[in-house]
Protein chains: 2
Amino acid sequence: MTDRASCLVSKLGHYISLSEDDRQRLSTLEKSERSYGAGTDIYQMDDPCTDLFVVKQGWLFSYNDLPDGSRQIVKLHLPGDIIGFPDVSQKHVTSTLCAAEDVVLCPFPKTALDVILRDSPRLSALILSIALRDQIILLDLLRALGSMTARARISYMLLDLLARLKITNKGMSDVLRLPLNQSQIAAYVGLTNVYVSKTLSRMEKDGDIARTGNTVHLLRPEAMEEATDFRDRYSDMDIGWFPANKV
Amino acid sequence: MTDRASCLVSKLGHYISLSEDDRQRLSTLEKSERSYGAGTDIYQMDDPCTDLFVVKQGWLFSYNDLPDGSRQIVKLHLPGDIIGFPDVSQKHVTSTLCAAEDVVLCPFPKTALDVILRDSPRLSALILSIALRDQIILLDLLRALGSMTARARISYMLLDLLARLKITNKGMSDVLRLPLNQSQIAAYVGLTNVYVSKTLSRMEKDGDIARTGNTVHLLRPEAMEEATDFRDRYSDMDIGWFPANKV
DNA sequence: CGTCGTATTGATCGTGCTCAACAGTCGTGG
DNA sequence: CCACGACTGTTGAGCACGATCAATACGACG
């Protein structure tokens, strides 16, 4: 992936081989890239939904504030991710997007999707598949939040992040940079910052993880996967049924 | 909707007007319909994923059993729903499907999707939108499980079910038939059967709901929506960006 | 009548929350 | 240079929501 390459092309080309036509189609979609500083809210809940974003650099998250003052982070966005897909089905976006650190995004208009659907069945299938896989992952997270202990939830989050990073970075070890503070982790897994701190300390004392700065080292990933019934949904998408493009 | 009409046609025709070609395409997809008794597991987790189902009659749910013995219901399926969409992206299904009562389903093969993607951009867009909307709804549920009290979670579930039933049944009142026992409700909202019982009793005593048999009457839906920050995602899907079919 | 599945109610326990104090690390400004 | 504040993480004490375990009630069905 050169720096000049289209974010979309390199992201989607990761799953299937793209025809030259498809590459062209995708490249033209992207507007110029944009940078945002850490902590910036890039769009707010209930804003009109016009653009999608590919993450070129940095982590972000989508959150909602609830009436009782608590905050729930519903999705973490890592480099290579497409942000805002579910909102395409709605007139207004359903959550607020916030940069967890300094980020670079490649926006492209929501209306671009109709061109793809009209002209490229193969790309359409891929996009649909990605959307559906994201839904699977959400279901997994739901199980975690619905019925796991604090420790299992945090383990689950760490395993999920590691699996995601390994898609684009094959030779990766079990070390993880985690550019989120404990309040944000808490908002994601449905706990409080205090209890996240206590749980992480306990996990460290028990030898499950090691921490240095904001990097986390998973010392027994297999045991953690066992305990949380973790499954890697990222590595085995089914793309066998995709249609060929028309000629 | 006549009894003979294709389930898919009547389901999808609810959102957009379908061309005669599209109606034909959809009708041919469906195999004969099938019935299952209450409590039947229709497919099991890790089975190969071959078919999707349209619900013609009765309620169902998808669940997973966790290593600690607890069960999490991740999705309730009502008449008119399409079951198994997210699993299309996977080689094996990720949860077990169970009939909550006697049901009738219309199966159609997963491979049918490639025909639609190739030939009908408009139907493709609709299917994508439905998948994405389901994801939004999952995100809503995630917020509920992540940071709401027992009472709010149950309220949320009731509001969600009511909104779903109102799509196909416009003139509906705030009365709801709930063919689930309290253990199933508990598995869905992440509580125990005991606490569901206690919470429902308290809600009844406080005048929020009334129960007779397995029907529930919501007495102050607006107050409940306020308390749970409930939003109806079903009634305002954005279909404005859909492409027209090629001629 | 007995059994099974389901709902209710009570007593007790524990995980995780609340509130609070304190420490470490920044960047800022005197 | 130090003082100060803002932000983050840690630790402790007490509390509450919801879990666990158990007993009871109730209906449907054989």
Side-chain angles (χ1 to χ4, degrees), chain A residues 37-40 59 66 68-73 98-102 144-157 177-206 209-216 227-228, chain B residues 37-40 66 68-73 98-102 144-157 177-206 209-216 227:
Chain A
T40 316
W59 288 31
L66 300 175
D68 67 352
S70 65
R71 170 169 296 188
Q72 177 71 36
I73 292 179
C98 179
E101 51 185 340
D102 292 348
L145 292 203
S147 44
M148 287 184 180
T149 65
R151 187 168 191 149
R153 292 186 206 189
I154 291 180
S155 301
Y156 197 92
M157 168 183 162
R177 187 183 64 95
L178 195 57
L180 300 171
N181 66 36
Q182 294 184 349
S183 294
Q184 288 161 345
I185 296 174
Y188 184 56
V189 296
L191 298 170
T192 58
N193 55 348
V194 174
Y195 210 70
V196 167
S197 171
K198 286 174 178 169
T199 305
L200 283 175
S201 299
R202 200 150 38 88
M203 289 173 73
E204 193 165 27
K205 186 153 60 71
D206 295 348
I209 60 170
R211 291 182 288 172
T212 53
N214 59 4
T215 72
V216 178
T228 58
Chain B
T40 316
L66 300 174
D68 68 352
S70 65
R71 170 169 296 188
Q72 178 70 38
I73 291 179
C98 179
E101 53 185 339
D102 291 348
L145 292 203
S147 44
M148 286 184 182
T149 64
R151 186 167 191 150
R153 293 186 205 190
I154 291 180
S155 301
Y156 197 93
M157 168 183 161
R177 188 183 64 95
L178 195 58
L180 301 171
N181 65 36
Q182 294 184 350
S183 295
Q184 289 161 345
I185 296 174
Y188 183 57
V189 298
L191 298 169
T192 57
N193 56 348
V194 175
Y195 210 70
V196 166
S197 172
K198 286 174 179 169
T199 306
L200 283 175
S201 299
R202 199 151 38 88
M203 288 173 73
E204 192 164 29
K205 187 155 57 73
D206 295 348
I209 60 170
R211 289 182 290 173
T212 54
N214 59 5
T215 71
V216 178

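Side chains included, hydrogens not; waters and symmetry mates left out as well; all remaining heavy atoms used. Lettering follows sequence order; numbering is per chain, from 1.
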Sugar-phosphate, base or nothing in reach of Gly190(A), heavy atoms under 4.0 Å: sugar-phosphate
Touch class at under 4.0 angstrom, heavy-atom based, for Thr199(A) against every strand present: nothing
Ala186(B) versus Asn193(B), closest heavy-atom pair with distance: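 Nearest heavy atoms, Ala186(B) then Asn193(B): CB-N, 3.5 Å.
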Closest contact, heavy atoms only, Thr199(A) versus Ala150(A):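 Answer, listing the atom of Thr199(A) first, then Ala150(A): OG1-CB, 4.0 Å.
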Heavy-atom check, side chain of [X] versus side chain of [Y], under 4.5 Å:
X: Ser155(A); Y: Met203(A); answer: yes
X: Gln184(A); Y: Pro179(A); answer: no
X: Ile154(B); Y: Met157(B); answer: no

First of Leu191(A) and Asn181(B) reached from the 5' end of DNA chain C, by closest nucleotide: Asn181(B)
Please list, for nucleotides 8-13 of chain C, all pairs of protein and nucleotide N/O atoms separated by less than 3.5 Å.
unit_1	atom_1	unit_2	atom_2	d
dT8(C)	OP1	Arg211(B)	NH1	3.2
dT8(C)	OP1	Arg211(B)	NH2	3.2
dT8(C)	OP2	Gln182(B)	OE1	3.4
dT8(C)	OP2	Gln182(B)	NE2	2.7
dT8(C)	OP2	Ser197(B)	OG	2.9
dG10(C)	N7	Lys198(B)	NZ	3.4
dA11(C)	N6	Lys198(B)	NZ	3.3

[X] has an atom [atom1]; how far is it from atom [atom2] of [N], in whole Å?
X: Tyr195(B); N: dG14(C); atom1: OH; atom2: C1'; result: 14 Å
X: Asn214(B); N: dT6(C); atom1: CG; atom2: P; result: 12 Å
X: Gln184(B); N: dT6(C); atom1: CD; atom2: P; result: 7 Å

Leu180(A): which of Ile185(A), Ile73(A), Asn214(A) passes side-chain contact (heavy atoms from CB on, under 4.5 Å):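 Output: one option passes, namely Ile185(A).
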Passing candidate, side-chain contact (heavy atoms from CB on, under 4.5 Å) with Thr228(A), options Arg151(A), Met148(A), Arg153(A):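 So, applying the side-chain contact (heavy atoms from CB on, under 4.5 Å) to Thr228(A) and each of Arg151(A), Met148(A), Arg153(A), only Met148(A) qualifies.
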Along DNA chain D, first and last positions that approach a heavy atom of chain B under 4.0 Å: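 The contact span of chain B on DNA chain D goes from dC17(D) to dC21(D).
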Side-chain N or O of Thr192(A) closer than 4.0 Å to phosphate OP1/OP2 of dG16(C): no
Separation between CD of Gln182(A) and OG1 of Thr192(A), rounded to the nearest 0.5 Å: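 Between atom CD of Gln182(A) and atom OG1 of Thr192(A) there are 10.0 Å.
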